[in-house]
There are 4 protein chains.
Amino acid sequence: MTTPLQRQRRKDARPQELLDAALTLFVEKGFAATKAEEVATLAGVSKGTLYLYFPSKEELLKAVIRHTLSADIAQGRERLLAHQGSATEALLDLLPEWWETVYDSPNSGMFKLVITEVRNFPEIAEFYAREVVEPGMEVIGQLLQRGVAQGEFRADLDVMAAVHSVVLPMIMLCLHKHSLGPCSCIVSILPEPRQLIRSHMALLLQGLQTPAVPKTRKTR
Amino acid sequence: MTTPLQRQRRKDARPQELLDAALTLFVEKGFAATKAEEVATLAGVSKGTLYLYFPSKEELLKAVIRHTLSADIAQGRERLLAHQGSATEALLDLLPEWWETVYDSPNSGMFKLVITEVRNFPEIAEFYAREVVEPGMEVIGQLLQRGVAQGEFRADLDVMAAVHSVVLPMIMLCLHKHSLGPCSCIVSILPEPRQLIRSHMALLLQGLQTPAVPKTRKTR
Amino acid sequence: MTTPLQRQRRKDARPQELLDAALTLFVEKGFAATKAEEVATLAGVSKGTLYLYFPSKEELLKAVIRHTLSADIAQGRERLLAHQGSATEALLDLLPEWWETVYDSPNSGMFKLVITEVRNFPEIAEFYAREVVEPGMEVIGQLLQRGVAQGEFRADLDVMAAVHSVVLPMIMLCLHKHSLGPCSCIVSILPEPRQLIRSHMALLLQGLQTPAVPKTRKTR
Amino acid sequence: MTTPLQRQRRKDARPQELLDAALTLFVEKGFAATKAEEVATLAGVSKGTLYLYFPSKEELLKAVIRHTLSADIAQGRERLLAHQGSATEALLDLLPEWWETVYDSPNSGMFKLVITEVRNFPEIAEFYAREVVEPGMEVIGQLLQRGVAQGEFRADLDVMAAVHSVVLPMIMLCLHKHSLGPCSCIVSILPEPRQLIRSHMALLLQGLQTPAVPKTRKTR
DNA sequence: AATGAATGAGCTTTCATTCAT
DNA sequence: TATGAATGAAAGCTCATTCAT
């Protein structure tokens with residue numbers, strides 16, 4: 001049948017395949033509404049096999065969260081921290097680019113999963129805070145801070161609050177992707193998410209108000 | 001033959017009591033993870049009584065959504081539409097005020113509920129689109145449009161996109177209230193939501209960038 | 001509202017109305033599949049009222065059986081016993097007539113009810129044996145016996161067995177009335193029951209076989 | 001990957017075991033009064049296993065009926081149709097023999113089950129008509145017809161009606177077997193069913209009436 | 001007497017988990 | 001290792017029965 005090597009390789013891949021399947025289904029339907037067998041089937045194995053790799057459905061959930069959260073954040077973080085150009089540029093280009101890779105990956109579902117399940121599994125909260133919220137806020141915070149330091153951004157900026165102004169819509173769009181997104185009746189109402197984030201960043205930078213027009217003017 | 005008054009009064013109140021209990025629990029734990037009996041108990045009745053008023057747990061969910069969504073949106077809408085002052089003022093005061101009443105009420109949980117359950121109950125999507133998304137976007141859209149028309153907001157504003165910049169953080173904070181909010185380990189990281197929304201509005205108005213400083217003046 | 005007299009009259013009628021409703025529904029759907037409330041509704045009263053007259057659903061069943069069985073058998077019995085004509089005549093006319101009144105009345109359902117429920121309520125058996133089987137067999141047995149005694153029927157008749165030949169089809173048609181009878185797809189196959197019983201009696205009397213035709217005679 | 005043999009064998013046998021158990025209990029207690037778990041237990045499995053093979057209790061009932069009805073009728077039919085001897089002989093020997101095998105098998109319970117449940121599950125009627133009533137009546141009808149054609153039976157015979165005279169007592173005894181039969185208090189009253197059917201056939205053939213006795217003869 | 005809201009034991013059904021193969 | 005038949009605890013739902021009015 002299969003050579004020992006193939007078997008070995010499949011065996012090694014199993015846990016990840018199961019985690020992927022679990023992430024997909026937990027995000028789509030929620031933890032409680034997902035059957036263990038569905039996860040197994042989506043991963044191409046049988047019910048019993050799932051339990052060879054994870055002792056229970058709940059442990060599977062935790063593994064999914066641990067695994068997915070740890071993986072993905074760090075990667076873009078480096079680039080943002082390393083970035084040497086203007087903060088404006090980082091906000092308009094680098095950050096949306098990074099976000100797009102998150103948005104496009106299945107990991108975007110983690111936001112929905114966390115929001116959905118923290119109340120039932122409070123351990124998730126701590127993990128999420130440590131792995132996502134803190135590092136995420138820190139890196140954006142530093143970016144904004146640098147903008148202030150470099151004179152690009154207004155000196156009186158409330159950096160903490162601004163971080164949320166930057167970040168919350170990005171998360172919200174990830175949530176939509178896995179909730180209302182797939183519902184045809186809503187799709188038509190919402191703009192394309194990539195475009196939306198770029199617009200949002202631009203707007204954040206320049207503000208809604210009609211720009212002050214120096215020299216000759218009667219600005220409000 | 002004549003129904004006693006006290007009984008009648010209790011009977012009349014039951015559906016609402018059950019809906020309230022269901023909203024609370026469905027939001028907290030999700031639909032699938034909430035047991036019918038828990039809802040009944042929280043409403044102060046027994047399992048069987050729940051089924052006197054709603055034919056199934058699923059119908060209860062739909063009733064919760066129908067009931068809660070329909071109720072709450074309209075109220076602030078009127079005030080926003082009626083508002084005659086400057087758009088800036090509406091954005092800085094009226095809108096945050098309105099949002100605060102939503103945020104404080106249990107109805108704020110609807111956002112979590114919808115996000116969590118649309119994939120499992122697609123009928124929700126249509127209802128949410130019709131009752132919340134469309135009217136909500138329309139009223140904010142008109143507000144921004146008026147700002148543009150009155151020369152308060154920049155003429156080249158992408159109104160559609162700006163609506164999302166305004167709205168998404170407000171929704172996101174409602175989600176937090178019912179997900180990470182109650183987790184002590186996170187609370188410390190996040191600013192007070194009311195303050196956050198007001199900061200967000202201010203930032204959206206003025207932008208991050210250091211105001212262009214023309215030669216002669218002392219701009220704001 | 002209602003005068004005391006009317007009330008009194010209704011009150012007196014209640015038990016019978018409930019028994020009638022119960023008979024109808026127990027026969028149609030079986031005891032276990034009939035809900036107490038259905039009986040009450042059909043009798044035009046509310047659930048609670050049923051329990052004012054009968055202490056439990058099971059007691060209601062027993063009352064139905066006691067009441068219905070006792071009532072109906074005796075009546076025709078008298079006439080058969082009193083009959084002074086030929087046994088042949090009794091078999092061809094009197095018996096079918098009697099049976100027709102049973103078949104037409106709701107009491108015909110008792111046969112189905114007994115057959116359906118004896119296994120679950122063995123007390124029924126004794127009652128049925130005493131009230132229906134024994135007197136019924138006795139009266140038909142006497143009829144046949146008289147036929148033999150009077151030289152109408154063959155002398156070597158096994159009366160016990162013949163009673164069953166006479167009676168079983170009559171009961172069977174009562175069963176059909178309440179089971180397959182109402183199913184349109186079967187109706188077409190079955191002959192009209194009254195006609196059938198009369199044919200059956202005639203056949204029983206004369207037999208299937210071509211009468212032996214000895215040379216000289218004009219038999220029958 | 002390969003299913004072990006012993007397991008496979010058990011799995012193959014399960015549905016039949018469950019159907020057998022269900023037939024027994026549904027006949028004895030009726031569908032509504034039989035608990036799913038009782039069926040499982042009688043079949044030697046647990047509650048859950050039942051639902052591995054049948055999606056619901058109601059589907060189990062339908063399967064029982066489909067399965068049992070289809071199976072059993074045909075078998076004797078062939079022999080009756082193939083029979084080349086006299087119709088009289090067929091009626092006295094072949095038919096009672098066939099009936100006895102039905103009577104002795106658990107399938108005899110089907111008559112009770114059909115009578116008991118058609119009103120609640122009208123689909124049963126059509127199936128019963130097609131699988132039992134029609135073929136059964138046809139084969140007996142042909143038998144009688146042949147008797148007429150061969151000069152054994154009276155030429156003016158109403159064949160349709162006669163079929164019922166033949167058949168109804170046979171069915172009725174099957175019903176008794178599963179209703180009053182097991183009640184000791186009745187048993188004493190009723191003759192042995194096999195004997196009864198043979199007596200019935202003999203009586204049907206020859207009739208109750210004293211044979212006409214012409215003057216000179218050796219009439220049988 | 002009559003009502004019908006309320007109850008909770010009990011039944012149907014599901015599904016996480018086990019384990020013989 | 002992998003399977004999937006089997007289990008039984010637990011969830012959804014029903015309905016006989018009670019009881020305040």
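Quantities reported herein were computed from a predicted structural model and do not represent experimental measurements. Proteins come first, then strands; the chains are lettered A, B, ... in the order of their sequence lines, and each starts at number 1.
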Please check this pair: side chain of [X] against backbone of [Y], looking for a donor-acceptor N/O pair closer than 3.5 Å.
X      : Y     : result
B:T34  : B:G30 : yes
C:E17  : C:G44 : no
C:K112 : C:F26 : no
A:E131 : A:R66 : no

### Axis bend over the full length of the helix from E:dA2-F:dT21 to E:dT21-F:dA2, computed from five pairs that close each end, to 10 degrees
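Taking five pairs per end, the axes differ by 10°.
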### Task
Strictly below 4.0 Å, heavy-atom distances to any atom of DNA chain F: list the hits from residues 23-40 of chain C, or just say none.
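Within residues 23-40 of chain C, the residues near DNA chain F are C:T34, C:K35, C:A36.
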### Task
Would you jot down, in residue-number order, the residues of residues 42-57 of chain D having a non-hydrogen atom under 4.0 Å from DNA chain E?
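The stretch gives D:K47, D:Y51, D:S56, D:K57 as the residues lying under 4.0 Å from the strand, ordered by number.
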#### Entry: C:F127 vs C:I65 side-chain heavy atoms within contact, under 4.5 Å
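The answer is yes; the side chains approach within 4.5 Å.
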### Message
Any heavy-atom pair between the side chains of B:N107 and B:L23 that's under 4.5 Å?
### Response
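Sidechains of B:N107 and B:L23: in contact.
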### Message
Tell me whether D:Q16 at atom CD has more than 12 heavy atoms from other residues, nucleotides or ligands lying less than 6.0 Å away.
### Response
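Yes - once you tally the heavy atoms of other residues, nucleotides and ligands closer than 6.0 Å, there are more than 12.
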### Query
Who pairs with A:S108 by side chain to side chain donor-acceptor pair (under 3.5 Å), at least two apart in sequence or on another chain?
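If we apply the side chain to side chain donor-acceptor pair (under 3.5 Å) test to A:S108, skipping adjacent residues, the hits are A:K177, A:H178.
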### Task
Please name all residues satisfying salt bridge (Lys or Arg N to Asp or Glu O under 4.0 Å) with C:K62, sequence neighbours left out, ordered by chain then number.
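So C:K62 forms a salt bridge (Lys or Arg N to Asp or Glu O under 4.0 Å) with C:E58, C:E59, C:E123.
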### Task
Would you mind listing every salt bridge (Lys or Arg N to Asp or Glu O under 4.0 Å) that reaches into residues 33-56 of chain A, with sequence neighbours excluded?
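Qualifying pairs: A:K29-A:E38.
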### Task
Report the distance from atom CD of A:E58 to atom C1' of E:dC15, rounded to the nearest whole Å.
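It works out to 16 Å between those atoms.
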### Query
Quick one: is F:dT1 close enough that its OP1 or OP2 comes under 4.0 Å of any side-chain N or O from A:R14?
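A:R14 to F:dT1 OP1/OP2: no side-chain N or O under 4.0 Å.
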